[in-house]
Q: 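Okay, handing you the structure first.
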Amino acid sequence: QVPLVESGGGLVQAGGSLTLSCASSDRTFTSYSVAWFRQSPGWARQFVAVLNQSGRNINYADSVRGRFTISRDNAKNTVYLQMNNLKPADAAVYYCAASTIWGIPTLTHHYDYWGPGTQVTVSS
């Protein structure tokens, strides 16, 4: 089991920024691809961004490309999601997830471990 804990969620006005963090105490965390997903009430969990073990291969959902940036600091066992120019449609619970698949998987069933989520609320 790989423990994951998200932090950094909160309430922000439209156009504002937040940075989410996903930290793990597991020493093998650097061997996992890590992604961010989000889920709003009544909707399926949606892919947001992913990066591979080294952090050099990255992919984003079209809806966030150009506004969100995913990165990782393997020395700190932490993955970040910098979110700029937030829109009300970005409001959701954000989850980080870790996968043993080599590469940048984007489907929920590719992920073995999930954090409990952090709420992001965007006011218009």
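For clarity, every value in this text was computed on a predicted model and none was experimentally measured. Count residues from 1 along the sequence.
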Q: Run the ring-ring contact (aromatic ring centres under 6.0 Å, His included) test against F68 and tell me which residues pass, sequence neighbours left out.
A: none
Q: Give the cluster check for V48 versus I58: same hydrophobic cluster or not, with ILVMFWY residues linked at side-chain heavy-atom distances below 4.5 Å.
A: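 Cluster IDs for V48 and I58 match.
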Q: Return the set of residues passing side chain to side chain donor-acceptor pair (under 3.5 Å) with Y111 (not counting sequence neighbours), or none when no residue passes.
A: none
Q: Which heavy-atom pair separates Q46 from S63 by the least distance, and what is that distance?
A: NE2-OG, 4.5 Å
Q: Going by ring-ring contact (aromatic ring centres under 6.0 Å, His included), name the residues that satisfy it together with W102, two or more places apart in sequence or in a different chain.
A: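 Not a single residue meets the ring-ring contact (aromatic ring centres under 6.0 Å, His included) criterion with W102.
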Q: Quick one: list whatever passes side chain to side chain donor-acceptor pair (under 3.5 Å) with T100, sequence neighbours left out.
A: D112
Q: Could you work out, with side chain to side chain donor-acceptor pair (under 3.5 Å) as the rule, every residue matching S54, not counting sequence neighbours?
A: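 With neighbours one apart ignored, the set is N52.
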Q: Scan the side chains in residues 20-28 for donor-acceptor partners under 3.5 Å anywhere in the protein, sequence neighbours excluded, and list what turns up.
A:
| unit_1 | atom_1 | unit_2 | atom_2 | d |
| --- | --- | --- | --- | --- |
| S24 | OG | P3 | O | 2.8 |
| S24 | OG | D26 | N | 3.1 |
| D26 | OD1 | T28 | N | 2.7 |
| D26 | OD1 | T28 | OG1 | 2.4 |

Q: Write out all pairs satisfying side-chain hydrogen bond (donor to acceptor under 3.5 Å, both in side chains) with one or both partners inside residues 66-88, taking only residues at least two apart or from two chains.
A: S17-N84, T19-Q82, R67-D90, R72-N74, Q82-N84
Q: Do V50 and Y32 sit in one hydrophobic cluster, given that two such residues count as connected whenever their side-chain heavy atoms are within less than 4.5 Å of each other, even indirectly?
A: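 Each belongs to a different hydrophobic cluster.
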Q: With A89, which residues qualify under side-chain contact (heavy atoms from CB on, under 4.5 Å), at least two apart?
A: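 None.
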Q: Which residue pairs pass the salt bridge (charged side-chain N to carboxylate O under 4.0 Å, His left out) test with at least one member in residues 115-124, sequence neighbours excluded?
A: none
Q: Do F37 and Y94 belong together in a cluster built from hydrophobic side chains that touch within less than 4.5 Å?
A: no
Q: Please report the interatomic distance CZ(R38) to CZ(R45), rounded to the nearest 0.5 Å.
A: 13.5 Å
Q: Give the table of side-chain donor-acceptor pairs shorter than 3.5 Å for residues 114-124, with sequence neighbours excluded, one pair per line with atom names and distance.
A:
| unit_1 | atom_1 | unit_2 | atom_2 | d |
| --- | --- | --- | --- | --- |
| T118 | OG1 | G9 | N | 3.2 |
| Q119 | NE2 | A92 | O | 3.4 |

Q: Indicate, with yes or no, if Y113 and W36 share a hydrophobic cluster defined by side-chain heavy-atom contacts under 4.5 Å among Ile, Leu, Val, Met, Phe, Trp and Tyr.
A: yes
Q: Considering only heavy atoms from C-beta outward, does the side chain of R65 approach that of N59 to under 4.5 Å?
A: yes
Q: Determine whether I104 and F29 fall in the same hydrophobic cluster, where Ile, Leu, Val, Met, Phe, Trp and Tyr are linked whenever their side-chain heavy atoms lie under 4.5 Å apart.
A: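 They do not share one cluster, since no chain of ILVMFWY contacts under 4.5 Å joins I104 to F29.
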Q: Y95: which residues meet the ring-ring contact (aromatic ring centres under 6.0 Å, His included) condition with it, sequence neighbours left out?
A: none
